[in-house]
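Everything on this sheet refers to the single structure shown next.
So that the names make sense, note that chain A is the first sequence line, chain B the second, and so on, each numbered from 1. On a predicted model such as this, the values are computed, not experimentally measured, just so you know.
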There are 2 protein chains.
Amino acid sequence: MLATMTELTIGELSERSGIATSAIRYYENRGLVWSRRTPGNQRRYERPMLRRLAFIRTAQRVGLSLEEIEEALAALPSNRTPNKADWSRLSRGWRPRLEAQIAQLERLRDTLDSCIGCGCLSLRRCSLSNPDDVVAERGPGPVLLEGR
Amino acid sequence: MLATMTELTIGELSERSGIATSAIRYYENRGLVWSRRTPGNQRRYERPMLRRLAFIRTAQRVGLSLEEIEEALAALPSNRTPNKADWSRLSRGWRPRLEAQIAQLERLRDTLDSCIGCGCLSLRRCSLSNPDDVVAERGPGPVLLEGR
DNA sequence: CCACAAGTTGAAGTGAACTTGAAGTCAAGG
DNA sequence: CCTTGACTTCAAGTTCACTTCAACTTGTGG
């Protein structure tokens, strides 16, 4: 394999991002990433695509669906390569979501001790089986954190 | 609808558990729950089945797959109706798993501030894209918590 | 006694996020 | 040049956890 120049093949992109080539093609079909084509019809990716993939992967870890990620990415400037501030702004929106997820799991853990820990595990009476609705928010903007 | 006697129809079970009848039948096909049949071939569930469903549902919230739940339930005594201690023992195994999930999200949140917060979001260098492998443990027993 | 709600079955459908396969084309080192 | 590995497309397959459907049969209040 020759020197890695300014553009990357799909294989190189895959290796560096840890995302399977099949997944990358799938993303490309969905419009999440894009590429230039060589005269022989092969994909060539610009390096900023790596960051985009990092964003996608991390967003997934936060629990976003590809559809939500698509929406988020649509908020990036289209006229220039996104800079740090752009990425930062986007990912800042995750924080409340993350916090909510953490809070929910913590509540579950705490209830586990008192409620399941005692073996009761009764529906209704027990908050364990009364799931606080999962945070489902669309678009950007703050996510509502509901109390207990 | 006549008085709720000692056995429950699938509809009653559904209403009390908040789980759709179709899901209950699906669970029954997978062997997660079972029922007696009336002369007319309708299902009748004993009340302890409610607790079993509560367990299943809660285990799902903790992130277990139905297959894992199947395994866990297999550890219950088959000769008698499980008591509080039985359920308690089973669900105690969730704690480490929950803790691990919480810890992972917290790490993600903290890294978010320093790493994505600054806009770097670089694969490899950034721990965000180096996901600590998700806890995947089989059967009971303590789950290893890996440090950062 | 009968209408109608609630129950039955097995097969097929759903949606998310990919993966796999077949049948080829392209690129680069020896 | 030529072999070999990387790449191409598009359709179909996979997994998980259900839901929906069609075509019945049961059970119950009035």
Rounded distance in Å - [atom1] ([X]) to [atom2] ([N]):
X       : N      : atom1 : atom2 : value
A:Ile69 : C:dA17 : CD1   : C1'   : 11 Å
A:Glu67 : C:dA16 : CD    : C1'   : 10 Å
B:Arg57 : D:dA17 : CZ    : C1'   : 14 Å
B:Gln60 : D:dA17 : CD    : P     : 7 Å
B:Glu12 : C:dA5  : CD    : P     : 17 Å

I'd like to check the side-chain contact (heavy atoms from CB on, under 4.5 Å) partners of A:Glu106; sequence neighbours left out, ordered by chain and number. A:Ile102, A:Arg109, B:Ile102, B:Glu106

Separation between CZ (A:Arg52) and CD1 (A:Ile69), nearest 0.5 Å, reads 11.0 Å

Look at A:Arg43 and D:dC7 and indicate whether a side-chain polar atom (N or O) is within less than 4.0 Å of OP1 or OP2. no

With sequence neighbours excluded, residues passing side-chain hydrogen bond (donor to acceptor under 3.5 Å, both in side chains) with [X]:
X       : result
A:Ser14 : none
A:Ser65 : A:Glu68
B:Asp86 : B:Arg80, B:Arg89
A:Tyr27 : none

Of the options [options], whose atoms approach the side-chain atoms of [X] most closely?
X       : options                : answer
B:Thr38 : D:dG27, D:dT8, D:dC18  : D:dG27
B:Gln42 : D:dG27, C:dT19, D:dA17 : D:dG27
B:Thr9  : C:dG7, C:dA27, D:dT19  : C:dG7

When you measure from every atom of DNA chain C, which of residues 25-37 of chain A have a heavy atom less than 4.0 Å away?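 Only A:Tyr26, A:Tyr27, A:Arg30 qualify.
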
